[in-house]
Structure formats: structure tokens, C-alpha cells
Amino acid sequence: DARVTQTPRHKVTEMGQEVTMRCQPILGHNTVFWYRQTMMQGLELLAYFRNRAPLDDSGMPKDRFSAEMPDATLATLKIQPSEPRDSAVYFCASGLGRGVNTEAFFGQGTRLTVV
Amino acid sequence: GEDVEQSLFLSVREGDSSVINCTYTDSSSTYLYWYKQEPGAGLQLLTYIFSNMDMKQDQRLTVLLNKKDKHLSLRIADTQTGDSAIYFCAESREGGSTLGRLYFGRGTQLTVWP
């Protein structure tokens, strides 16, 4: 059963600490997204990659956030230093860049709490 | 204003039909999607419609698209308590059959009463 896997599922950290969230896209998918969900803003796109190259990271605060794909099976989202306003659920999604099926498959999310 | 707008709440009785509405602003939308989110879970794609279609039916789900008015709706027939969730409308603007970023609405919380 192919699925997007995100780790950790929950993370509580103190303000100022570094946070790394990981995502394993579905094997064969070449498009990977990072979304953030909050009550205030809803679902916001932070960044997305195609064939491991970043296509759009305009939604990401550049001073503290970074997103990378070290290889095709791993995407990371790093926050350094973390702040309370970063508390949210972070979703990774993957899909095929082209084809009839344009579905984005979502992971279960990482719930981040910064205290 | 928001790119995609939805009402925030809908309550229905079990067995009734539910209709969730969505409006979007970009006329270049290519695909329009409905996602479902249950508590503590990720988003699950329910159905999608290509912008040159006006209706799509899939079992209990009917999607209607009025491209002129930029209005999308999701009808759930014979709504069950298990349908209680948040439903998100989303649009894609990429050309061709390309998966690009999705623009999401705020979500409609559907509550089904027994």
C-alpha cells in the first residue's frame, strides 16, 4: 500500500531550537510539496520540487526555513531557529509531474508545537 | 480576497444530501479538486474534475462545475455519519496534465447528525 510517510508525527520543541521534518514520497513520484496548515491561515504552500529541483519556495520564510531533497526518496523541511508562530501541522504530498492522474497524495502530517 | 472560498460549516441529518459550495477566482484553472480531511489525518482526494467538464459523478458524489461563474459544488447523496469531516476545494492552474501547486479553500466542516 503506497503512501507518503512523514516523521515525526508529533514534535514539541522549545523556541530557538532546530526542527527537522522528514518526508518519504511515494516511490516513483517526482513532484513533492510541503504545505503548512493553521487555523488562521488554512493550508499554505511552503515549497515544492519536481525531479528534486525546487520550483517554488516563495511561501517559505527564507531566513529560518529551508527545504531540500537530498535524494528522490527523501524530502526535508528544516526550521532554525523555531518560533512559537511556527506551531502548525506540516504536510508533505507527492505525485507524478505529468500524466492523466494529477492527484497529490498527502502524508499524515507532522504536528509541530513550539513553546 | 482569497483565491478559493468556501463556507466554513454545514450540518445535515443522516440520510439527507449535503451540498458543499466553492468559488474560485482564476479563470485559468485546469483541474478542480475535492479533498476530505478526517481528524488527525492528512488530506484524501475524493474526486476531481477537469475544467472543460461540467459534471462528474462517482457513486454518492456528484461534482458540478459552472466555469462561467467559477463555482464548484460537491453533492454527497445519502450522507452518513462517517462523512463528517472537513472538505477542501482546491484548484490547479498548471497547463496540460501537469501536477502543480494546489490553491486550497479554508475547508467546510461537515457535521452529520444521526
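These numbers were taken from a predicted model, which means no experiment stands behind them. A, B, ... follow the sequence lines: proteins, then strands. Residue 1 opens every chain.
- A chain of hydrophobic side-chain contacts below 4.5 Å, direct or via other Ile, Leu, Val, Met, Phe, Trp or Tyr residues, connects A/L43 to B/Y31.
- In terms of heavy atoms, B/Q37 sits closest to A/F91 at NE2-CZ, 3.4 Å.
- In this structure, chain B has no heavy atom under 4.5 Å from any part of A/Q6.
- Linking ILVMFWY side-chain heavy atoms closer than 4.5 Å, directly or via other members, places B/Y33 and B/F50 in a single hydrophobic cluster.
- Cluster annotation: B/V19 and B/L32 are assigned to distinct hydrophobic clusters (Ile/Leu/Val/Met/Phe/Trp/Tyr, side-chain heavy-atom contacts under 4.5 Å, transitive).
- Of all heavy-atom pairs spanning A/F33 and B/R101, the tightest one is CE2-CA, 3.6 Å.
- Atom CD of A/Q37 sits about 4.5 Å away from atom CZ of B/F88, to the nearest 0.5 Å.
- Smallest separation of non-hydrogen atoms from B/L102 and A/Y35: N-OH, 2.9 Å.
- Annotation for B/L43 and A/F106: closest pair O-CB, 3.4 Å, computed over non-hydrogen atoms.
- Here the closest heavy-atom approach between residue A/M40 and residue B/R106 is recorded as O-NH2, 2.6 Å.
- Only the side chain of A/R9 comes within contact range of chain B, with heavy atoms under 4.5 Å apart.
- Heavy-atom contacts from other residues, nucleotides or ligands closer than 6.0 Å to CZ of A/R111 number 12 or fewer.
- With rounding to the nearest 0.5 Å, the separation of CD in A/E103 from OH in B/Y35 is 5.5 Å.
- With sequence neighbours left out, the side chain to side chain contact (heavy atoms under 4.5 Å, CB included) criterion links A/A75 to A/C23, A/V32, A/W34, A/M69.
- The side chain to side chain contact (heavy atoms under 4.5 Å, CB included) search around A/Q24 returns A/T5, not counting sequence neighbours.
- More than 12 heavy atoms of other residues, nucleotides or ligands shown are found within 6.0 angstrom of CE on B/M53.
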